[in-house]
Amino acid sequence: MPSDSVLRIVWIYPDLLSTYGDQGNVLVLEQRARRRGIEAETIHVRSADPVPESGDIYLIGGGEDRPQILAAERLRRDGGLHRAIAAGAAMLAVCAGYQIMGSTFGGEEGQPVDGIGILDIASSRGPARAVGELVADVDAALNLPTLTGFENHMGVTHLGPGVRPLSKTIKGVGNGDGFEGCYAGHVVGTYLHGPALARNPALADLLLSWRVGELAPLDDSRYEALRQERLAAVLQAS
């Protein structure tokens with residue numbers, strides 16, 4: 001974290017990629033940082049603005065085809081996000097934002113569109129839209145509980161050797177290969193909405209810990225009981 005001890009959260013292109021309530025990820029990070037006495041500020045970067053390189057955690061959300069293409073074009077031209085990640089910043093990229101991080105993704109007619117190459121993935125259009133609850137067991141190396149969320153996408157995402165699957169699907173489609181999302185270094189990509197960090201606060205804490213180090217525990221017992229009830233209900237319905 002920077003020497004002035006302010007955690008800088010950068011929300012990328014909310015004017016293009018904020019269709020599915022992913023602003024909630026920003027709010028959860030702010031809250032969980034402040035509950036621990038960590039001062040946090042959020043920088044909203046609209047698509048006409050340069051991406052600052054001094055952020056600690058970058059967030060990018062989901063959206064429709066045309067805004068996704070525009071976002072990819074502008075991020076490629078800008079280059080600020082690449083430099084921030086290379087300098088050690090953390091990132092959560094959701095759905096359309098996840099696909100943009102790869103080498104290619106499917107455009108409005110399914111045509112390949114260049115991504116920005118931060119993650120070693122390639123996405124394309126799948127045979128049918130994946131819509132519904134998603135449950136997945138996280139890679140043991142991350143030491144996180146089972147992830148839950150809501151997916152709504154047409155994407156199929158292929159992982160290259162430079163990334164690891166974030167989780168193995170129990171329910172839902174995810175990447176389309178039995179896994180959901182991926183991660184490399186301090187960058188996480190996922191199809192999870194809900195928002196993802198509201199449904200999975202331990203994932204928010206992981207992102208925070210990558211920038212501030214070991215975190216003081218929070219009493220999430222009431223929330224965790226509700227989370228487990230929801231998880232059981234989703235699995236029982238499948």
Side-chain angles (χ1 to χ4, degrees), residues 7 9 11 17-18 20-36 38 40 42 56-62 90-98 101 119 130-153 157 163-175 178-212 214-235 237-238:
L7 181 81
I9 300 166
W11 187 23
L17 298 176
S18 185
Y20 302 112
D22 294 317
Q23 181 182 6
N25 293 323
V26 176
L27 301 177
V28 170
L29 279 176
E30 290 175 342
Q31 181 202 56
R32 294 188 75 79
R34 290 169 181 161
R35 284 177 65 189
R36 294 178 167 97
I38 301 168
T42 297
D56 292 292
I57 303 176
Y58 291 75
L59 300 171
I60 187 168
M91 182 173 190
L92 176 68
V94 176
C95 203
Y98 170 36
M101 295 303 115
L119 289 171
V131 181
E133 288 290 323
L134 196 155
V135 179
D137 280 337
V138 184
D139 184 338
L142 296 179
N143 192 31
L144 295 178
T146 300
L147 295 176
T148 73
F150 189 85
E151 61 180 340
N152 183 359
H153 62 93
T157 298
V163 298
R164 295 181 65 170
L166 175 63
S167 54
K168 185 175 182 179
T169 52
I170 300 171
K171 175 182 174 62
V173 176
N175 296 334
F179 294 96
E180 199 293 306
C182 75
Y183 72 100
H186 293 168
V187 178
V188 174
T190 181
Y191 279 111
L192 291 173
H193 296 290
L197 300 186
R199 296 277 293 265
N200 305 280
L203 180 56
D205 287 350
L206 178 66
L207 294 168
L208 289 170
S209 72
W210 281 342
R211 293 304 293 162
V212 306
E214 186 176 354
L215 298 173
L218 297 177
D219 182 4
D220 288 333
S221 55
R222 291 181 63 187
Y223 177 85
E224 181 59 22
L226 292 171
R227 199 182 79 87
Q228 290 295 333
E229 287 180 15
R230 182 181 180 89
L231 175 59
V234 168
L235 291 177
S238 62

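What you see is a predicted model; the values in this text were computed from it and never measured.
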Report summary line: Scanning both residues in full, the closest heavy-atom pair of W210 with A90 reads CE3-CB, 4.1 Å
Query - Residues forming a salt bridge (charged side-chain N to carboxylate O under 4.0 Å, His left out) with D205, sequence neighbours excluded - result: R32, R36
Query raised in the report: Taking atom CD1 of I60 and atom CE of M101, what is their separation to the nearest 0.5 Å?
Result: 4.5 Å
Query raised in the report: Any sub-3.5 Å donor-acceptor pair from N175's side-chain atoms to T157's backbone N or O?
Result: no
Query raised in the report: With L27, which residues qualify under side-chain contact (heavy atoms from CB on, under 4.5 Å), at least two apart?
Result: E30
Requested in this report: Check the pair L92, L29 against side chain to side chain contact (heavy atoms under 4.5 Å, CB included), reporting the backbone distance first and the verdict last.
Outcome: CA-CA 11 Å; L92 176 68; L29 279 176; over 6 Å; no
Query - Check: L206 and Y183 side chains under 4.5 Å, non-hydrogen atoms - result: no
**Report entry** Qualifying residues under side chain to side chain donor-acceptor pair (under 3.5 Å), relative to T146, sequence neighbours excluded
**Finding:** D137
Report summary line: CZ (R35) and CG (D220) are apart, to the nearest 0.5 Å, by 5.5 Å
Query raised in the report: For R199, what residues pass the salt bridge (charged side-chain N to carboxylate O under 4.0 Å, His left out) criterion, not counting sequence neighbours?
Result: E133
Query - Inter-residue atom distance L203.CG - L208.CG, 0.5 Å rounding - result: 10.0 Å
Requested in this report: Answer yes or no: is there a side-chain heavy-atom contact under 4.5 Å between I57 and H186?
Outcome: no
Report task. State, with a plain yes or no, whether a side-chain heavy atom of L142 is found less than 4.5 Å away from one of L166. Result -> yes
Query raised in the report: At their closest point, which heavy atom of I9 faces which heavy atom of A40, and how far apart are they?
Result: CD1-CB, 4.4 Å
**Report entry** Test item: T169 side-chain N/O and G178 main-chain N/O as donor-acceptor pair under 3.5 Å
**Finding:** yes
Query raised in the report: Quick one: does E151's side chain have a donor or acceptor within less than 3.5 Å of a partner on G172's backbone?
Result: no
Query raised in the report: Just how far is it from atom CZ of R211 to atom CG of L7, taken to the nearest 0.5 Å?
Result: 8.0 Å
Query - Residues which pass ring pair (Phe, Tyr, Trp, His ring centres under 6.0 Å) with F150, listed by chain and number, not counting sequence neighbours - result: none
Query raised in the report: Which pair of non-hydrogen atoms, one from L17 and one from A96, has the smallest distance, and what is that distance?
Result: CD2-CB, 4.2 Å
**Report entry** Nearest heavy-atom neighbours spanning N152 and C95
**Finding:** O-SG, 4.0 Å
Report summary line: Those residues at least two apart in sequence (or on a different chain) that pass ring pair (Phe, Tyr, Trp, His ring centres under 6.0 Å) with Y191 are Y98, H153
Query raised in the report: Where do A196 and N25 come nearest, in terms of heavy atoms and distance?
Result: N-OD1, 3.3 Å
Report task. Write down the atom of L147, the atom of N200, and the distance for their closest heavy-atom approach. Result -> CA-OD1, 3.2 Å
